[in-house]
Q: 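First the structure, then my questions, so here it is.
Quick note: numbers below take in every heavy atom, side chains included, and nothing from hydrogens, waters or symmetry partners.
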Amino acid sequence: MSVSTRWVLFMLDLLAQRRPHRADAARNFDALVAAARDVFAELGANASMDEVARRAGVGNATLYRNFPTREALVEVVYLSEVQTVCEYAEELAGADDPFGALVAWLRRFVGLASTKRVLIEGLAFNPNAYPAARDAIYAAGGSLIARAQQAGQVDPILDIDDVMRFAIGVSVGVYRDDDQRERVFRAAVKGIGADA
């Protein structure tokens, strides 16, 4: 079992521990997480919890039964996003073009980080969830970088921390539009190539 697979399983276990077992309660939980994902992306991590409950189609009592604090809800939303990024790395692990797989994964990460920045900021102060999430992302991306380096496509002096710092830098930039973000992303990706 690969390192990134172990981390994906770890993230799934963390999420499963928080998700109720009864079918109706699990549906409410999932609806709250989906609504929170949208609300936080639109309005920030300090958005109204009432708005999350309203969009999920549940009452406040259901919201607070599942997520007694804002931090608990932010954590679960963040972990579900991290799980998505890690699972995508697993999907790309056997690609014929290791550099293309790495670029596709980085593009997904940058897209996530640029729209979910408030979640990352919100979790930066949570010592329980953030290190595990960071380790999961680094393990997932690290295996893609290693494959691309073995294929001679990525500069061998780079490690996952170097590459993630460039990805985070691109994701937190302020751009005129999505086209400008894509141009900056492409320029940055060229810099990690073995022939850069």
Q: For Val39 and Ala47, which heavy atoms make the closest approach, and how far apart are they?
A: CG1-CB, 3.4 Å
Q: Could you tell me which residues satisfy salt bridge (Lys or Arg N to Asp or Glu O under 4.0 Å) with Arg183, sequence neighbours excluded, listed by chain and number?
A: none
Q: Specify the closest pair of heavy atoms between Ile160 and Gly141, including all atoms of both residues, with the distance to one decimal.
A: CD1-C, 3.6 Å
Q: List for me each residue that meets salt bridge (Lys or Arg N to Asp or Glu O under 4.0 Å) alongside Arg186, sequence neighbours excluded, and say none if there are none.
A: Glu182
Q: What's the verdict on ring pair (Phe, Tyr, Trp, His ring centres under 6.0 Å) for Phe109 and Tyr88, showing C-alpha distance, side-chain angles and the deciding distance?
A: CA-CA 10 Å; Phe109 175 82; Tyr88 189 54; over 10 Å; no
Q: Per the salt bridge (Lys or Arg N to Asp or Glu O under 4.0 Å) rule, what does the pair list look like for residues 24-34, sequence neighbours excluded?
A: Arg19-Asp30, Arg22-Asp24
Q: Identify, with sequence neighbours excluded, every residue that meets salt bridge (Lys or Arg N to Asp or Glu O under 4.0 Å) alongside Arg165.
A: Asp161
Q: Would you tell me whether Gln153 and Gln149 have side-chain atoms, one donor and one acceptor, within less than 3.5 Å of each other?
A: no
Q: Listed by chain and number, what are the side chain to side chain donor-acceptor pair (under 3.5 Å) partners of Asp162, not counting sequence neighbours?
A: none
Q: So, for Val77 and Val33, which heavy atoms are closest and what is the spacing to 0.1 Å?
A: CG2-O, 3.9 Å
Q: I'd like to know if the side chain of Arg108 reaches the main chain of Val85, judged simply by a donor and an acceptor atom lying under 3.5 Å from each other, with no hydrogens or angles considered.
A: no
Q: Test: salt bridge (Lys or Arg N to Asp or Glu O under 4.0 Å). Region: residues 53-63. Which pairs qualify, not counting sequence neighbours?
A: Glu42-Arg55, Glu51-Arg54, Glu51-Arg55
Q: How close do Ala56 and Ala31 get, counting heavy atoms only, and between which atoms?
A: CB-O, 3.6 Å
